[in-house]
Amino acid sequence: DTAKLQDELTGALISLAKAADSTETISKRTGQIIIEGLFTTVTNVSFDNAAIENMIQKVRAEKERLVPDCRTEEYDLQQLWNANEDIRSLKSLILFGIRGMAAYAYHAAVLGYTDSEVNSFFYKGLFAVGEKDWGMNELLPIVLEVGEVNLKCMALLDKANTETYGDPVPVKVPLTVEKGPFIVITGHDLYDLKLLLEQTEGKGINIYTHGEMLPAHGYPELKKYPHLKGNFGTAWQNQQKEFS
């Protein structure tokens with residue numbers, strides 16, 4: 001059921017991208033909704049069906065705002081999953097590529113960093129996935145462009161993180177859990193960690209990273225907090241058994 005909702009959200013995003021393509025200018029607001037929507041469909045970001053349904057309605061409302069009374073049907077992702085294997089492969093590379101890139105762009109935007117070229121490519125990628133008659137000649141150049149733009153997006157996020165939290169340095173990270181109350185934080189969002197460290201400062205609550213949050217210990221503006229104690233557990237896929 002969650003996967004079906006993610007497909008429905010992706011179809012709505014493709015429809016929004018096509019609606020935006022018919023307007024003269026694409027607003028910052030529309031770009032943020034596209035990025036947030038794509039990020040929501042990354043595999044282990046959200047298993048909350050209600051939240052995904054809300055995101056679908058948000059995308060549809062934005063499309064209605066751009067093109068009132070638009071009668072265009074949303075793209076059915078079953079067309080992609082049942083397509084010729086070459087087309088399915090190329091479109092999947094584009095779709096999964098821009099989904100991952102949206103995560104980078106989202107985290108950078110939270111810190112106030114955006115790139116117009118990166119943002120405009122989300123529209124181009126979604127448009128390509130939704131084109132029913134495009135073949136290998138049209139799709140392959142866009143697959144290659146996904147790699148180029150993703151590199152720029154990673155550089156954008158790196159700049160956002162280093163200018164906000166300092167240049168990361170090598171550091172020893174303890175794996176032992178000290179006595180007392182503590183919070184474990186996982187994921188990629190360094191800003192979430194920063195807020196958590198600020199809110200727990202001086203309250204006797206220790207903070208431990210988990211999984212992909214491990215690199216946070218290298219950033220000077222994060223590791224300066226003495227209650228950022230260490231790392232708990234192993235990889236993200238072991239969360240359920242380790243957390244319980």
Side-chain angles (χ1 to χ4, degrees), residues 1-83 88 91-110 112-132 134 139 142 145-146 149-150 153 156-157 187-189 191-192:
D1 54 350
T2 303
K4 286 179 181 177
L5 283 171
Q6 289 178 333
D7 281 359
E8 187 179 342
L9 173 54
T10 304
L13 287 165
I14 290 170
S15 184
L16 174 57
K18 290 188 178 257
D21 190 60
S22 66
T23 62
E24 290 186 10
T25 57
I26 297 171
S27 69
K28 182 180 177 182
R29 167 177 158 178
T30 308
Q32 287 173 334
I33 290 172
I34 292 265
I35 289 170
E36 187 182 348
L38 282 169
F39 186 21
T40 301
T41 63
V42 174
T43 306
N44 59 326
V45 167
S46 175
F47 300 109
D48 183 346
N49 286 355
I52 299 173
E53 288 170 347
N54 288 339
M55 192 70 229
I56 292 169
Q57 296 309 317
K58 190 174 179 180
V59 171
R60 287 173 177 161
E62 183 64 10
K63 176 188 167 187
E64 177 68 22
R65 188 185 72 82
L66 290 179
V67 186
D69 301 317
C70 180
R71 300 299 179 195
T72 309
E73 285 190 15
E74 291 179 1
Y75 182 77
D76 181 0
L77 247 69
Q78 288 303 313
Q79 295 179 56
L80 168 54
W81 308 140
N82 296 320
R88 182 173 68 237
K91 284 190 173 184
S92 293
L93 280 166
I94 296 168
L95 177 59
F96 301 151
I98 60 175
R99 281 177 173 179
M101 193 164 74
Y104 297 144
Y106 180 90
H107 290 315
V110 165
Y113 291 76
T114 59
D115 183 294
S116 58
E117 183 181 353
V118 169
N119 288 354
S120 64
F121 185 74
F122 289 118
Y123 295 90
K124 187 174 183 178
L126 285 167
F127 193 94
V129 173
E131 281 298 279
K132 298 175 184 177
W134 281 16
L139 294 170
I142 297 178
E145 197 175 347
V146 170
V149 180
N150 187 56
C153 192
L156 176 70
L157 179 58
H188 301 262
D189 199 326
Y191 184 62
D192 276 356

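For V118 against C153, the heavy-atom pair with the smallest separation is CG1-SG, 3.9 Å. Annotation for L126 and A17: closest pair CB-CB, 3.8 Å, computed over non-hydrogen atoms. Nearest heavy atoms, A12 versus V59: O-CG1, 3.4 Å. A pairwise comparison of heavy atoms in L77 and G11 identifies CD1-N, 4.0 Å as the closest pair. Residues A109 and T114 approach most closely at CB-CG2, 4.3 Å, considering heavy atoms. In terms of heavy atoms, G100 sits closest to V42 at N-CG2, 4.4 Å.
Residues meeting the side-chain hydrogen bond (donor to acceptor under 3.5 Å, both in side chains) test with N150, sequence neighbours left out: none. With sequence neighbours excluded, the residues that form a side-chain contact (heavy atoms from CB on, under 4.5 Å) with Q32 are K28. Scored by the salt bridge (Lys or Arg N to Asp or Glu O under 4.0 Å) test, K4 finds no partners at all (sequence neighbours excluded). In terms of the side-chain contact (heavy atoms from CB on, under 4.5 Å) criterion, residue partners of T41 (sequence neighbours excluded) are, by chain and number, Q6, L9, T10, R99. In this structure, the side-chain hydrogen bond (donor to acceptor under 3.5 Å, both in side chains) partners of T30, at least two apart in sequence or on a different chain, are S27, E62. Take K91 and apply the side-chain hydrogen bond (donor to acceptor under 3.5 Å, both in side chains) test, not counting sequence neighbours, and it matches no residue. Every side-chain hydrogen bond (donor to acceptor under 3.5 Å, both in side chains) that R60 has, sequence neighbours left out, goes to E8, E74. Legend: residues meeting ring pair (Phe, Tyr, Trp, His ring centres under 6.0 Å) with H107, ordered by chain and number and at least two apart, are F39. Residues meeting the side-chain contact (heavy atoms from CB on, under 4.5 Å) test with A61, sequence neighbours left out: none. For E64, the side-chain contact (heavy atoms from CB on, under 4.5 Å) partners at least two apart in sequence or on another chain are P68, D69.
Between F122 and L38, some side-chain heavy-atom pair lies under the 4.5 Å cut-off. Looking only at side-chain heavy atoms (C-beta outward), K63 and K18 stay at 4.5 Å or farther from each other. When side chains are defined from C-beta on, M101 counts as touching V149, because their heavy atoms get closer than 4.5 Å. Put simply, the side chain of I34 does not reach to within 4.5 Å of the side chain of N119, judged on heavy atoms.
By the neighbour-count criterion of 12 heavy atoms within 6.0 Å, atom OH of Y123 is densely surrounded, having more than that number from other residues, nucleotides or ligands.
Annotation: the span from L80 atom CG to D7 atom CG amounts to 8.5 Å, rounded to 0.5 Å. How far CH2 of W134 is from CG of L139: 7.0 Å, rounded to the nearest 0.5 Å. From L16, atom CG reaches atom CZ of R65 across 9.5 Å, with rounding to the nearest 0.5 Å.
Pairs of residues two or more places apart, or lying in two chains, never qualify as ring-ring contact (aromatic ring centres under 6.0 Å, His included) while including a residue from residues 49-80. The stretch residues 49-58 participates, sequence neighbours left out, in these side-chain hydrogen bond (donor to acceptor under 3.5 Å, both in side chains) pairs: D1-N49, T2-N49, E36-K58.
Screening V129, I98, I94 for a side chain to side chain contact (heavy atoms under 4.5 Å, CB included) with I142, the sole residue that qualifies is I94.
A donor-acceptor pair under 3.5 Å is absent between the side-chain atoms of D76 and the main chain of Q79, judged by distance alone.
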